[in-house]
Amino acid sequence: MRIGLVCSYSFDAPGGVQNHIRDLAELFLAQGHEVSALAPADDSTPLPGYLTSVGRTMPVRYNGSVARLNFGPVTNARVSKWLENGDFDIVHIHEPAVPGAAVLALMAHSGPMVATFHSSLVRSRAMQAAYPLLRPSFEKVAGRIAVSEDARRTVTTHLGGDAVVIPNGVYVDRFAAAVARPEWQGTADRPTMAFLGRMHEPRKGLPVLAEALPAILAAYPGLRLLVAGPGDQDEIRAALPAGTREAVEFLGAVSDEDKARLFASCDVYVAPNTGGESFGIILIEAMAAGAPVLASDLPAFARVLDGGRTGRMFRNEDPADLARQAISLLGDPDERRRLEQVGRERAAIFDWSVVGADIMAVYETVLDGARMGQGTPPQTRLTRMIRSVGRLT
């Protein structure tokens, strides 16, 4: 099968959507399919052989974050050329409402199309305003996928119709095989907690975790908080509560290998995100590596953690509750071992071998419909097919 994958977000910076497309492309290439991906990237950025760049990006605020997008006549020309040369059996567009390559491909392509929605937006005036213009193009999409119920709700609220829920995937074995780094490991008196995310984005929750630190340090004076991710370390350090700065070690941006090793090394992985999350891929990665997870009780996180069965949860944006749960978990090695076991079991159902098969089933259903001249296959049929797995219920 000739598969085209489209992304509006830049491959110059790491992100969940970009990683999803990368992993999906590698999975289908390994299965013998022909795969080509299209996304923005700087001309100097090393890119995998299957990826074509539509050029440099500019920063745009989107969903509580800063997305690097690319649009304009040059982008349009590159998208059209990629579609023409690709002769794809199916084109899979990710975040089709995000300006840039995704919208341009959505408007230009006339063959079988699948779209995946990654974001969770309670209200979006921009999407509501743009929908009348994009509606004819959305009607060409034969299969809609949402990575979570929250993302699906965004589709049903803003775009109408429905989408099948297929979560993000993880190469579970890669995280399960991660070897702990001794310098990141803790002891009973000097445990380690870890945070990973863009430090400068408030919705990633580092300020909430920082506010909880004094209480945690009062119970565990030797605690170390390992902070990984991009951002101005000096600025973040200066904003830390008094008496906590010596306990925080900044690791900077880490490689995929070191990310897995960080999870495998820490006593507790903390995800204090405050909102804007449609899924929780970072939680699955941490569980796959054997890290006990402590996360805010966002609906998306609660679903990934099976309602709290496979990870501890605290009240969102409540530093006092975060501290209470962290102190309890750090003091209970038996509970941490239990979470390690059930977390690994939970992560296994999100492995790419499972998720990729569900996505391929959507492709095949869409192509069957096109061959039979039925146009867009009913979303209800796709929904029943995928939801029968019951992965996130």
Side-chain angles (χ1 to χ4, degrees), residues 5 7 9 11 13-27 63-65 67 92 94-95 116-121 145-152 154 163 165-176 178 194-198 201 203-205 228-230 253-264 266 269-306 310-311 313 343-356 358-359 389 391-392:
L5 305 175
C7 177
Y9 299 140
F11 265 67
V17 178
Q18 297 95 314
N19 292 344
H20 179 101
I21 291 171
R22 177 201 64 194
D23 290 352
L24 189 60
E26 292 176 359
L27 174 72
N63 195 27
S65 182
H92 186 173
H94 292 258
E95 294 289 52
T116 289
F117 298 83
H118 295 260
S119 299
S120 171
L121 299 170
I145 298 171
V147 300
S148 68
E149 283 293 341
D150 300 86
R152 174 179 169 265
T154 298
V165 177
I166 304 177
N168 287 307
V170 171
Y171 283 113
V172 169
D173 288 347
R174 297 180 185 177
F175 288 89
F195 165 91
L196 190 150
R198 293 181 289 274
E201 285 190 21
R203 74 184 183 99
K204 297 302 180 182
V254 295
S255 65
D256 287 344
E257 179 184 357
D258 277 343
K259 175 171 67 170
R261 296 187 72 180
L262 177 63
F263 294 146
C266 66
Y269 175 71
V270 185
N273 308 51
T274 62
E277 306 293 340
S278 67
F279 193 55
I281 194 73
I282 196 75
L283 306 186
I284 298 168
E285 293 172 341
M287 289 190 294
V293 170
L294 173 60
S296 54
D297 61 354
L298 298 176
F301 285 2
R303 277 189 280 274
V304 169
L305 296 176
D306 198 17
T310 63
M313 307 193 77
R344 289 184 187 274
E345 293 170 356
R346 180 68 172 168
I349 66 176
F350 297 93
D351 188 74
W352 270 113
S353 62
V354 179
V355 174
D358 286 349
I359 293 174
V389 177
R391 184 178 296 106
L392 295 179

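All figures in this text were calculated on a predicted structure; none of them were measured in a lab. Residues: numbered from 1 along the sequence shown.
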Taking only residues at least two apart or on different chains, which pairs with a member in residues 278-290 satisfy salt bridge (Lys or Arg N to Asp or Glu O under 4.0 Å)? Lys259-Glu285
Closest non-hydrogen atom pair between [X] and [Y], with its separation:
{"X": "Leu196", "Y": "Leu262", "result": "CD1-CD2, 4.4 Å"}
{"X": "Ser296", "Y": "Pro272", "result": "OG-C, 3.9 Å"}
{"X": "Gly356", "Y": "Leu27", "result": "CA-CD2, 3.6 Å"}
{"X": "Glu95", "Y": "His118", "result": "OE1-N, 3.1 Å"}
{"X": "Ser119", "Y": "Ser278", "result": "C-CB, 3.8 Å"}
{"X": "Ala228", "Y": "Val254", "result": "CB-CG1, 4.0 Å"}

Show your working on side chain to side chain contact (heavy atoms under 4.5 Å, CB included) between Phe301 and Asn273 and close with a plain yes or no. CA-CA 9 Å; Phe301 285 2; Asn273 308 51; 3.7 Å; yes
Assess, by modelled atom type and distance only, whether the side chains of Thr116 and His92 contain a donor and an acceptor separated by less than 3.5 Å. yes
Run Met287 and Val304 through side chain to side chain contact (heavy atoms under 4.5 Å, CB included) and show every step you take. CA-CA 10 Å; Met287 289 190 294; Val304 169; 4.1 Å; yes
With a 4.5 Å limit on heavy-atom distance, are the side chains of [X] and [Y] in contact?
{"X": "Phe195", "Y": "Lys204", "result": "yes"}
{"X": "Val293", "Y": "Thr310", "result": "no"}
{"X": "Phe11", "Y": "Ile21", "result": "yes"}
{"X": "Phe175", "Y": "Ile284", "result": "no"}

At what distance, to the nearest 0.5 angstrom, does [atom1] of [X] lie from [atom2] of [Y]?
{"X": "Asn19", "Y": "Leu24", "atom1": "CG", "atom2": "CG", "result": "12.5 Å"}
{"X": "Asp150", "Y": "Leu298", "atom1": "CG", "atom2": "CG", "result": "9.0 Å"}
{"X": "Ile281", "Y": "Ser148", "atom1": "CD1", "atom2": "OG", "result": "11.5 Å"}
{"X": "Asp306", "Y": "Ile349", "atom1": "CG", "atom2": "CD1", "result": "7.5 Å"}

For a side chain to side chain contact (heavy atoms under 4.5 Å, CB included) with Trp352, tell me which candidate from Ile359, Asn168, Val172 qualifies. Ile359
Kindly write out the residues that satisfy side chain to side chain contact (heavy atoms under 4.5 Å, CB included) with Glu26, not counting sequence neighbours, or none if the list is empty. Arg22, Asp23, Tyr50, Tyr171, Arg174
Show your working on side chain to side chain contact (heavy atoms under 4.5 Å, CB included) between Ile166 and Val355 and close with a plain yes or no. CA-CA 7 Å; Ile166 304 177; Val355 174; 3.8 Å; yes
For Arg261, which residues count as a salt bridge (charged side-chain N to carboxylate O under 4.0 Å, His left out) partner, sequence neighbours excluded? none
